[in-house]
Amino acid sequence: MTSAVDPRYELPRDWPTTEAEAVALQERTRASVVVGGEVPEPGTGTGAVVGVDVAYDDEHDLVAAAAVALDARSLAVVAEATAVGRVSFPYVPGLLAFREIPAVLDALGDLDRRLGRRPDLVVCDGYGLAHPRRFGLASHLGVLTGLPTIGVAKNPFGFRHADPGPRRGDWSPLLDGAEEVGRALRTRDAVKPLFVSIGHRVTIADACAYTLHLARDFRQPETTRRADALCRRALKAATL
DNA sequence: GCGACAG
DNA sequence: ATCTTGTCGC
């Protein structure tokens, strides 16, 4: 007998309600992250690369998530899915996953059914291992779904980094003390770098290679741009 | 106690 | 994240 809903896209029963529970869950789940693995070379895969993002309307207590699948080679949009729900957790630095993942899982599960297969890679807006407890949004989503994930953020959070060279592709280590937790990666010549980190089942080199491939025309990856536009539209539609 | 702080 | 007009430039 086949279950109607894939359990890999369901919220765990022990999903936290308080900050203390959330931190404790991160501490005991961080060991499940897999660093390294094989994903198809950027641009040569025959599968789909998925971008996820979330938008909020705190006035109406609404949250809208979007998951957009792009053809790994052409970057053309092949499938889209959205999910709307109630905001269930406040924004707390270090606990972003608990605010975004519920809606993201819903959208991702729907997208999987529409695609008819699992994505090659999921690109998240935020961090993976570059996190106070090495378990940011991208890593958490990866562990829950079992999918390869990466985190691409627009800000360095509290981490240190030297300014990368001026050209697209130039990068410098993102450091938490002496530990390298990710990379500051320049995706466009003379434009502010992005901050890339491993989510789950990928190497940092592949994470950066994919980010560059997806950010061919703009500073941000095409996956993130499409997902961002879609979740904003879904939020407006839900508000009206 | 003060400041910093992904989205 | 979100509140927000025009404006400079490709």
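Computed from heavy atoms alone, side chains included, the values below leave out hydrogens, waters and symmetry copies. Here is how names work: the chains are called A, B, and so on, in the same order as the sequence lines, proteins then strands, and each is numbered from 1.
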Between A:Phe157 and A:His131, does the ring centroid distance fall short of 6.0 Å? no

Please determine, for the side chain of A:Arg232, which listed nucleotide (B:dA6, C:dA1, B:dG7) has the closest atom? C:dA1

Hey, does A:Leu95 reach any base, or is it just sugar-phosphate, or nothing, if we go heavy atoms under 4.0 Å? base

Verify the cluster assignment for A:Ile198 and A:Phe159: are they in a single hydrophobic cluster under the rule of side-chain heavy atoms below 4.5 Å apart? no

Interatomic distance, A:Glu80 atom CD to A:Leu111 atom CG [nearest 0.5 angstrom]: 9.0 Å

Once you round it to whole Å, what is the distance between P of B:dC5 and CZ of A:Arg99? 19 Å

Rounded to whole Å, the CZ-C1' distance (A:Arg160 to B:dC5) equals 12 Å

Look at the side chain of A:Phe157 and decide which nucleotide, out of B:dG7, C:dT2, B:dA6, has an atom nearest to it. B:dA6

Paired with A:Val152, the side chain to side chain contact (heavy atoms under 4.5 Å, CB included) test is passed by just one of A:Asp125, A:Leu185, A:Leu194, namely A:Leu194

Looking at A:Lys154, does any N or O in its side chain come under 4.0 Å of the phosphate oxygens OP1/OP2 on B:dA6? no

Among B:dA6, B:dC5, C:dT2, which nucleotide sits nearest the side chain of A:Pro93? B:dC5

A:Arg134 atom CZ is separated from B:dA6 atom C1', nearest whole Å, by 14 Å

A:His161 NE2 - B:dA6 P separation (whole Å): 13 Å

Does the side chain of A:Asn155 get closer than 4.0 angstrom to OP1 or OP2 of B:dG7 through an N or O atom? yes

Stacked pair A:Tyr91-C:dA1, distance under 5.5 Å, angle under 30°: no

Take atom CZ of A:Phe135 and atom C1' of B:dA6, then tell me their distance rounded to the nearest Å. 15 Å

Could you check whether A:Gly94 gets within reach of a base, just the sugar-phosphate, or nothing at all, counting any heavy atom under 4.0 Å? base

Tell me what A:Ala55 touches on the nucleic acid: a base, only sugar-phosphate, or nothing, going by heavy atoms under 4.0 Å. sugar-phosphate

Between B:dA6 (C1') and A:Leu185 (CG): distance, integer Å: 17 Å

Short N-O contact, A:Arg133 and A:Asp176, less than 4.0 angstrom: no

Just the rounded figure in Å: distance from C1' of C:dA1 to CG of A:Leu137. 13 Å

Spacing between A:Glu100 atom CD and C:dA1 atom P, to the nearest angstrom: 9 Å

